[in-house]
Amino acid sequence: MLRTPYYIFDEAVLKARADTLRSLLPKGAGLVFAVKANPFLAKWAAEITDRLELCSPGEVFLCEDAGIGPEKFVVSGVWKEEGFIDGLLSRGGEKATYTVESPAQFELLKTLAEKHGVTLSLLFRLSSGNQFGMDEDTLVPLALACEACENLRFEGVQFYSGTQKFSLKKIGREVEKLFGLVKKLEDLGLKVPEVEYGPGFPVTYFEGESFDEPAYFGELCDLLAATGYEGKLTFETGRGLAAACGDYVTAVQDIKHTDGASYLVTDGGIHQLAYYGQMMAMKRPFVDVLPSSPEPDGGEGREYTVVGALCTVNDVLFKGLYLKNANRCDRIIFHRTGAYCVTEGIALFLTRDLPRVYLKNADGSVEEARGKIETESLNAPRRP
Ligand SMILES: Cc1ncc(COP(=O)(O)O)c(C=O)c1O
């Protein structure tokens with residue numbers, strides 16, 4: 001029996017999801033996995049996607065450690081440290097693709113490409129109205145200048161517009177903006193070989209949400225076809241690929257009845273469980289309960305509020321979980337936790353251990369990818 005609290009990520013589910021996404025996207029489109037959504041999936045994702053989007057030295061290092069080659073990397077982000085890019089270029093990093101998110105980044109990549117005597121492939125990132133990427137007026141002259149640089153190759157445009165985007169109306173406006181830029185560049189004589197677009201493919205996390213995914217992707221494909229763009233289309237996704245492949249498992253540690261309410265206190269918490277759009281368990285994620293002993297037939301059940309072990313009233317995981325008979329050590333399994341839970345939680349709150357991570361390989365074998373990690377040393381001054 002695996003020890004709670006833990007995450008378990010399933011390779012077969014991840015791979016099936018990649019197949020589904022590819023079947024829904026325009027024919028021949030590329031797929032990029034944003035590693036920030038779940039670094040534990042990097043190795044599997046590298047096998048089933050065209051590239052991995054990496055936003056920090058740490059993300060690059062863990063991919064290198066996993067034996068993933070730089071040709072799979074798209075190195076993005078608002079802060080590209082000179083020493084880090086320099087180091088990467090001395091380890092074959094010229095095979096990676098780089099986003100350009102400011103004129104200063106352009107200069108940095110140009111200087112380092114010249115220093116190493118290599119040619120770098122660049123995607124110019126269009127801003128969606130925030131600190132990422134550049135506006136059109138900044139991007140266009142820089143892209144044109146790229147053409148004149150011997151050590152730089154203009155690969156195309158990158159655009160990530162935000163997460164969990166159910167609205168096709170919004171996506172329609174983005175497509176207009178993005179491909180308006182592409183047309184402008186092409187009218188100026190610059191061929192745009194690739195557009196890498198992260199539309200924030202949405203995931204249903206809660207009971208009662210309705211989402212017709214095939215219809216959604218059908219409309220998206222129509223919108224894209226209408227642009228007349230003939231280059232390579234690549235889609236970046238994090239949660240759209242990874243959410244489905246993960247479960248987060250907690251165990252009941254205490255059962256209490258207070259002022260007419262019944263609580264299951266678990267060894268988990270909101271620091272380890274991040275459902276986009278969840279607040280105070282106002283919504284019901286998909287859960288299953290694995291009883292520690294067989295439930296007796298018949299009898300009156302009751303509804304429980306499932307809480308975690310943090311010292312905050314916000315630490316509510318599920319409200320109204322109906323059980324005939326609750327017991328200590330019952331396991332509560334939270335589904336669709338393959339994206340962001342492992343990376344976005346307020347991990348250090350209350351100095352709790354970080355949960356174990358298990359990987360379930362496609363052959364059914366399960367391996368421990370990370371043991372529990374104690375956080376005392378991170379939450380205290382260093383002793384002399
Ligand atoms: C550049 C970039 N691409 C892709 C993603 C993945 O987003 P999502 O999980 O909504 O698909 C992110 C998330 O922050 C991102 O910053």
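No experiment lies behind these values; they were computed from the predicted model shown.
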Item to check | Pair Thr312-Phe349, side-chain contact (heavy atoms from CB on, under 4.5 Å): steps then yes or no | outcome: CA-CA 10 Å; Thr312 163; Phe349 189 42; 3.8 Å; yes

Next on the checklist: Between Glu59 and Lys36, is the salt bridge (charged side-chain N to carboxylate O under 4.0 Å, His left out) condition met? List the steps.
Outcome noted: CA-CA 8 Å; Glu59 288 187 347; Lys36 61 177 75 70; 5.5 Å; no

Item to check | salt bridge (charged side-chain N to carboxylate O under 4.0 Å, His left out) between Lys183 and Asp187, intermediate numbers included | outcome: CA-CA 6 Å; Lys183 180 158 186 331; Asp187 286 349; 2.8 Å; yes

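Using a 3.5 Å distance cut-off with no hydrogens or angles, the side chains of Asp212 and Ser210 do not pair a donor with an acceptor. Donor-acceptor pairing under 3.5 Å is recorded for the side chains of Ser121 and Arg153. Donor-acceptor pairing under 3.5 Å is recorded for the side chains of Asp267 and Thr4. A donor-acceptor pair shorter than 3.5 Å can be found between the side chains of Tyr248 and Gln272. Using modelled atom types and a 3.5 Å distance limit, the side chains of Thr234 and Glu194 yield a donor-acceptor pair. Side-chain atoms of Gln158 and Glu236 form a donor-acceptor pair, as typed in the model, at a separation below 3.5 Å. A side-chain N or O of Arg239 and one of Tyr205 form a donor-acceptor pair less than 3.5 Å apart. At a cut-off of 3.5 Å, with distance as the only test, no side-chain donor of Asp135 or Ser127 sits close to an acceptor on the other residue. A donor atom on one side chain and an acceptor atom on the other are found under 3.5 Å apart for Gln105 and Lys80.
For Lys43, the NZ atom sits in a loose shell: 12 or fewer heavy atoms of surrounding residues, nucleotides or ligands are nearer than 6.0 Å. Arg3 CZ: 12 or fewer foreign heavy atoms inside a 6.0 Å radius. Annotation: Glu367, atom CD; neighbour count of heavy atoms from other residues, nucleotides and ligands within 6.0 Å is above 12. For Glu207, the CD atom is densely surrounded, since the number of other residues' heavy atoms within 6.0 Å is greater than 12. Counting non-hydrogen atoms of other residues, nucleotides and ligands closer than 6.0 Å to NZ of Lys319 gives a total above 12. Within 6.0 Å of CD in Glu230 there are 12 or fewer heavy atoms belonging to other residues, nucleotides or ligands. Remark: Glu176 CD is loosely packed, at most 12 non-hydrogen atoms of other residues, nucleotides or ligands lying under 6.0 Å away. Under a cut-off of 6.0 angstrom, the local environment of NZ in Lys360 is sparse, with at most 12 non-hydrogen atoms contributed by other residues, nucleotides or ligands.
Aromatic pair Phe154/Phe124: centroids less than 6.0 angstrom apart. Taking the centre of each ring, Tyr358 and Tyr7 stay at or above the 6.0 Å mark. Checked against the 6.0 Å centroid threshold, Tyr322 and Tyr304 do not count as a close aromatic pair.
Put simply, the side chain of Tyr98 does not reach to within 4.5 Å of the side chain of Val74, judged on heavy atoms. Using a 4.5 Å heavy-atom threshold, the side chains of Phe40 and Leu62 count as separate.
Legend: residues meeting side chain to side chain contact (heavy atoms under 4.5 Å, CB included) with Val13, ordered by chain and number and at least two apart, are Asp10, Ala244, Cys245.
Checked against Ser161 for a side chain to side chain donor-acceptor pair (under 3.5 Å), the options Glu174, Lys170, Arg173 give a single hit: Glu174. Under the side-chain contact (heavy atoms from CB on, under 4.5 Å) test applied with Leu120, the options Leu89, Val100, Leu112 reduce to a single match, Leu89.
Both the sub-6.0 Å distance and the 45° axial angle are not jointly satisfied by Arg356 relative to the ring of Tyr6.
Within the structure, the ring-ring contact (aromatic ring centres under 6.0 Å, His included) test picks out the following pairs touching residues 174-196 (sequence neighbours left out): Phe179-Tyr229.
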